Amino acid sequence: MKPVSPVNGCGPAGSRGYTLIEVIVAVTVFAFLAGAAYVSLDGLSRAALDHRERSEDFAELQMALARLDSDLRQLSSRSVRGPDGRLEPALAGERSHLEGTRAGWANPANHDRATLQRFAWQQAGSDLQRTSWPVTDRVPATASFAEDLLPRVNRLEFSYRDREGRWQDRWPPDEDELRRLPTAIEVTVDSARFGRLRRVVVLL
């Protein structure tokens, strides 16, 4: 018996290879699926990155507001001496910034210092900035320490509530009452990322 000869020289009878058109179609389908998968993965990666950045920005916002809240809630009514030797109010507040003295300044290293700390909050450029001093009664040589705690701040505003329930744009309303504190302080932070945020800290 004679052996069965291959069909068209392509192998055993009934078998054949892929045509050029089939190969092109297969490659085109594969390229389309690969492109669709890449677009999907790229979108997921961008979404995950944006979510992480937003979470980090929100945590930074919470930390800055928590420190501001802590400073205001522990305000002391002790008046201080400024670098020029004159008495300054326990809380000196304007619409755009404030300076005060807080109690409860932590001393984990057990340094020989008081537990009162003089501090200030203001907007420096587009940053929310906290400034502090190592002593309450300063001299011209007293160095300050500034921290930029929150970037991309459009506006920072303070308002002060007196004992009659009226909101004031500056504190103290009477320059002779250096030790008097407001009953509440309203803080408004206009953040470029999270919009307008308002907090009211009740003191008395």
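All heavy atoms count here, side chains included; hydrogens, waters and symmetry mates do not. Source: prediction; values computed, not measured.
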> Report yes if some heavy atom in the side chain of Leu98 is under 4.5 Å from a heavy atom in the side chain of Tyr160; otherwise report no.
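When only atoms from C-beta onward are counted, Tyr160 and Leu98 do touch, with a gap below 4.5 Å.
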> Would you call Arg198-Glu186 a salt bridge at under 4.0 Å N-O?
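Looking at Glu186 together with Arg198, the answer is yes, because their closest N to O distance falls below 4.0 Å.
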> Determine the minimum heavy-atom distance between Val200 and Ala184, stating which atoms define it.
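Shortest heavy-atom separation between Val200 and Ala184 comes out as CG1-CB, 4.3 Å.
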> Could you state the interatomic distance from CG (Leu128) to CG (Leu150), rounded to the nearest 0.5 Å?
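Rounded to the nearest 0.5 Å, the CG-CG separation comes out at 5.5 Å.
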> Closest approach of Glu175 and Leu178, non-hydrogen atoms and distance?
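The pair with the smallest heavy-atom distance is O-CD2, 3.3 Å.
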> A side-chain contact here means heavy atoms from C-beta on lying under 4.5 Å apart; do Ser126 and Val153 qualify?
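Sidechains of Val153 and Ser126: no contact.
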> What residue pairs, at least two apart or across chains, pass ring pair (Phe, Tyr, Trp, His ring centres under 6.0 Å) with a residue in residues 64-107?
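The answer is none; no pair qualifies.
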> Could you grab the distance from atom OG1 of Thr188 to atom CG of Leu156, nearest 0.5 Å is fine?
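CG of Leu156 is found 8.5 Å from OG1 of Thr188.
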> Distance check, rounded to the nearest 0.5 Å: Asp69 atom CG versus Arg199 atom CZ?
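Asp69 atom CG to Arg199 atom CZ measures 5.0 Å (nearest 0.5 Å).
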> Which donor-acceptor pairs under 3.5 Å do side chains of residues 57-64 form with protein atoms, sequence neighbours excluded?
unit_1: Asp57; atom_1: OD2; unit_2: Arg152; atom_2: NH2; d: 3.1
unit_1: Asp57; atom_1: OD2; unit_2: Arg193; atom_2: NH1; d: 2.5

> Yes or no on side chain to side chain contact (heavy atoms under 4.5 Å, CB included) for Val139 and Thr142, after CA distance, side-chain angles and deciding distance?
CA-CA 5 Å; Val139 296; Thr142 303; 3.3 Å; yes
> Quick one: which of Arg67, Gln74, Arg73 gives a side-chain hydrogen bond (donor to acceptor under 3.5 Å, both in side chains) with Ser70?
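Exactly one option meets the side-chain hydrogen bond (donor to acceptor under 3.5 Å, both in side chains) with Ser70, and it is Gln74.
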> Check the hydrophobic clustering (I, L, V, M, F, W, Y; side-chain heavy atoms under 4.5 Å; chains of links allowed) and say if Leu116 and Trp133 are grouped together.
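Different clusters: Leu116 never reaches Trp133 through Ile, Leu, Val, Met, Phe, Trp or Tyr contacts under 4.5 Å.
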> Under the salt bridge (charged side-chain N to carboxylate O under 4.0 Å, His left out) criterion, do Asp71 and Arg130 qualify, and how do the steps go?
CA-CA 10 Å; Asp71 281 345; Arg130 182 185 190 270; 2.7 Å; yes
> For the residue pair Gly100 and Leu75, what are the closest heavy atoms and their distance?
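Nearest heavy atoms, Gly100 then Leu75: CA-CD2, 4.2 Å.
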> Is it true that Trp121 and Leu197 fall in one hydrophobic cluster, defined by side-chain heavy atoms closer than 4.5 Å?
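Looking at the clustering, Leu197 is in the same group as Trp121.
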> List the atom pairs, with distances to 0.1 Å, where a side-chain N or O of residues 83-92 and a protein N or O form a donor-acceptor pair under 3.5 Å, not counting sequence neighbours.
unit_1: Asp84; atom_1: OD1; unit_2: Arg86; atom_2: N; d: 3.1
unit_1: Asp84; atom_1: OD2; unit_2: Arg86; atom_2: NE; d: 2.9
unit_1: Asp84; atom_1: OD2; unit_2: Arg86; atom_2: NH2; d: 3.2
unit_1: Glu88; atom_1: OE1; unit_2: Arg138; atom_2: NH2; d: 3.1

> Return the minimal non-hydrogen interatomic distance between Thr131 and Ser144, and the atom names on each side.
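Closest approach of Thr131 to Ser144, heavy atoms only: CG2-CB, 3.8 Å.
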> Just by distance, do the side chain of Ser76 and the backbone of Ala103 share a donor-acceptor pair under 3.5 Å?
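No; judged by distance alone, with no hydrogens or angles, the pair does not exist.
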> Can you name the residues that form a side chain to side chain donor-acceptor pair (under 3.5 Å) with Gln168, not counting sequence neighbours?
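In terms of side chain to side chain donor-acceptor pair (under 3.5 Å), with neighbours along the sequence ignored, Gln168 is linked to Asp162.
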> Checking Gln123 now: which residues fulfil side chain to side chain donor-acceptor pair (under 3.5 Å) with it, not counting sequence neighbours?
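None.
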> Apply side chain to side chain contact (heavy atoms under 4.5 Å, CB included) to the pair Leu149 and Leu68, showing each step before the final yes or no.
CA-CA 10 Å; Leu149 299 178; Leu68 175 56; over 6 Å; no
> How many angstroms lie between CH2 in Trp171 and CZ in Phe158, if you round to the nearest 0.5 Å?
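Separation between the atoms: 15.0 Å.
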> Test of understanding: with salt bridge (charged side-chain N to carboxylate O under 4.0 Å, His left out), list the residues that count as partners of Arg179, not counting sequence neighbours.
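With sequence neighbours excluded, Arg179 shows a salt bridge (charged side-chain N to carboxylate O under 4.0 Å, His left out) to no residue whatsoever.
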> Can you tell me how far apart CG (Leu181) and CZ (Arg163) are? Round to the nearest 0.5 Å.
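Leu181 CG to Arg163 CZ: 8.5 Å, rounded to 0.5 Å.
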> Backbone N or O of Arg95 within a donor-acceptor pair of the Asp169 side chain at under 3.5 Å?
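Not at all, since once roles are kept as given, no pair shorter than 3.5 Å links the two residues.
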> If you look at every heavy atom in Gln122 and Ala120, which pair is closest and at what distance?
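Reported closest heavy-atom pair: OE1-CB, 3.6 Å.
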> Just checking Leu33: does its CG atom have more than 12 heavy atoms from other residues, nucleotides or ligands closer to it than 6.0 angstrom?
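Count over threshold, so yes.
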> Once rounded to the nearest 0.5 Å, what's the spacing between atom CD of Glu147 and atom CD of Gln129?
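It comes to 9.0 Å.
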